[in-house]
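Here, residue 1 is the first one in the sequence, and each next residue gets the next number.
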Amino acid sequence: MTIKKKKTVCSFRKMKQDGKKIVTVTAYDAPTAKLANEAGVDFLLIGDSMAMTTLGYENTLPLTMDESLHHCKAARRGAPDAFIVGDMPFMRYQISCSESLYNAARYSKEAN
């Protein structure tokens with residue numbers, strides 16, 4: 001069994017420079033994140049599309065930070081070593097730099 005090297009922003013930059021494909025899968029829960037990570041995807045996206053695909057909203061606008069973080073935490077539990085990108089809900093980064101930093105810190109702290 002080969003040990004998979006943990007991905008970083010630098011490793012993605014190198015992959016792009018080398019012309020390598022970067023594979024991502026969208027996951028909103030622990031089982032999907034686990035399966036995707038075991039399949040060898042490069043990173044997991046926990047996108048705001050969960051508002052429609054999982055939570056039944058008509059569009060992405062009603063999605064809250066707490067809902068997004070809930071799904072990011074679930075994906076993290078399923079794939080503890082994966083590179084995960086959490087997509088901030090609408091108006092959680094557009095207001096100001098300080099608001100953006102605060103919400104980004106929430107993702108880092110609460111969803112690791």
Undergrad: Can you measure from NZ (Lys34) to CD (Glu38) and round to the nearest 0.5 angstrom?
TA: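 CD of Glu38 is found 3.5 Å from NZ of Lys34.
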
Undergrad: Could you give the distance from CD1 (Ile84) to CG (Asn37), rounded to the nearest 0.5 Å?
TA: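 Between atom CD1 of Ile84 and atom CG of Asn37 there are 8.0 Å.
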
Undergrad: Is there a path of hydrophobic side-chain contacts, each under 4.5 Å between heavy atoms of I, L, V, M, F, W or Y residues, that connects Phe12 with Leu45?
TA: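 As far as the 4.5 Å side-chain criterion goes, Leu45 and Phe12 are connected within one cluster.
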
Undergrad: Check whether any side-chain heavy atom of Ser68 sits under 4.5 Å from a side-chain heavy atom of Met88, and report yes or no.
TA: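 Sidechains of Met88 and Ser68: no contact.
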
Undergrad: Could you pull out the closest heavy-atom pair between Met52 and Glu58, with the gap in Å?
TA: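 Met52 and Glu58 have their closest heavy atoms at SD-O, 3.7 Å.
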
Undergrad: Show your reasoning for whether salt bridge (charged side-chain N to carboxylate O under 4.0 Å, His left out) applies to Asp66 and Arg106.
TA: CA-CA 10 Å; Asp66 288 337; Arg106 283 193 68 192; 2.7 Å; yes

Undergrad: Ignoring hydrogens, what is the shortest heavy-atom contact between Ala79 and Ala33? Give both atom names and the distance.
TA: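 Ala79 and Ala33 have their closest heavy atoms at CB-O, 3.7 Å.
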
Undergrad: Rounded to the nearest 0.5 Å, what separates atom CG in Leu55 from atom NE2 in His70?
TA: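 The CG atom of Leu55 sits 8.5 Å away from the NE2 atom of His70.
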
Undergrad: Please answer: with hydrophobic residues joined when any side-chain heavy atoms are less than 4.5 Å apart, are Ile22 and Val41 in the same cluster?
TA: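 No, Ile22 and Val41 fall in different hydrophobic clusters.
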
Undergrad: Test of understanding: clusters of I, L, V, M, F, W, Y form through side-chain heavy atoms closer than 4.5 Å, transitively. Do Tyr107 and Leu101 belong to the same one?
TA: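 Result: no, two separate clusters.
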
Undergrad: Can you pull out every side-chain hydrogen bond (donor to acceptor under 3.5 Å, both in side chains) where at least one residue sits in residues 74-83? Sequence neighbours excluded, please.
TA: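 Matches after skipping sequence neighbours: none remain.
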
Undergrad: Do you know which two heavy atoms are closest between Ile46 and Ala27, and how far apart they sit?
TA: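 Closest pair (atom of Ile46, atom of Ala27, distance): CG1-O, 3.1 Å.
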
Undergrad: Testing the basics here: between Cys72 and Ala111, what is the closest heavy-atom pair and its distance to 0.1 Å?
TA: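 Of all heavy-atom pairs spanning Cys72 and Ala111, the closest is CB-CB, 3.6 Å.
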
Undergrad: Report the distance from atom OG of Ser49 to atom CG of Leu63, rounding to the nearest 0.5 Å.
TA: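 These two atoms lie 9.5 Å from each other.
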
Undergrad: Do Met65 and Tyr102 touch side chain to side chain, with heavy atoms closer than 4.5 Å?
TA: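 Contact flag for Met65/Tyr102 side chains = no.
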
Undergrad: Determine whether Leu69 and Lys109 make a side-chain contact, defined as any pair of heavy atoms from C-beta on separated by less than 4.5 Å.
TA: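 Leu69 vs Lys109: side chains apart.
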
Undergrad: Are Met50 and Val25 linked, directly or through other ILVMFWY residues, by side chains that come within less than 4.5 angstrom of each other?
TA: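 The answer is yes; both residues are in one hydrophobic cluster.
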
Undergrad: Between Glu99 and Ser96, is there a donor-acceptor pair closer than 3.5 Å when you use the side chain of the first and the backbone of the second?
TA: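 Checking the backbone N and O of Ser96 against the side chain of Glu99, no donor-acceptor pair under 3.5 Å is found.
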
Undergrad: Keeping Asp42 on the side-chain end and Val23 on the backbone end, is there a donor-acceptor pair under 3.5 Å?
TA: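 Yes, the answer is positive, given that a donor and an acceptor are paired below the 3.5 Å cut-off.
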
Undergrad: Got a second to check how far Asp87's CG is from Thr60's OG1, nearest 0.5 Å?
TA: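 One gets 8.5 Å once the value is rounded to the nearest 0.5 Å.
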
Undergrad: Provide the closest heavy-atom pair for Tyr28 versus Thr54 in the form atom of the first, atom of the second, distance.
TA: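 In terms of heavy atoms, the two residues are closest at CD1-OG1, 3.2 Å.
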
Undergrad: Would you check if the side chain of Thr24 reaches a backbone N or O of Phe43 as a donor-acceptor pair within less than 3.5 Å?
TA: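 Yes; at least one donor-acceptor contact below 3.5 Å.
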
Undergrad: Which distance, rounded to the nearest 0.5 Å, do you find between the CG of Asp48 and the CG of Asn59?
TA: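 It is 10.0 Å, given to the nearest 0.5 Å.
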
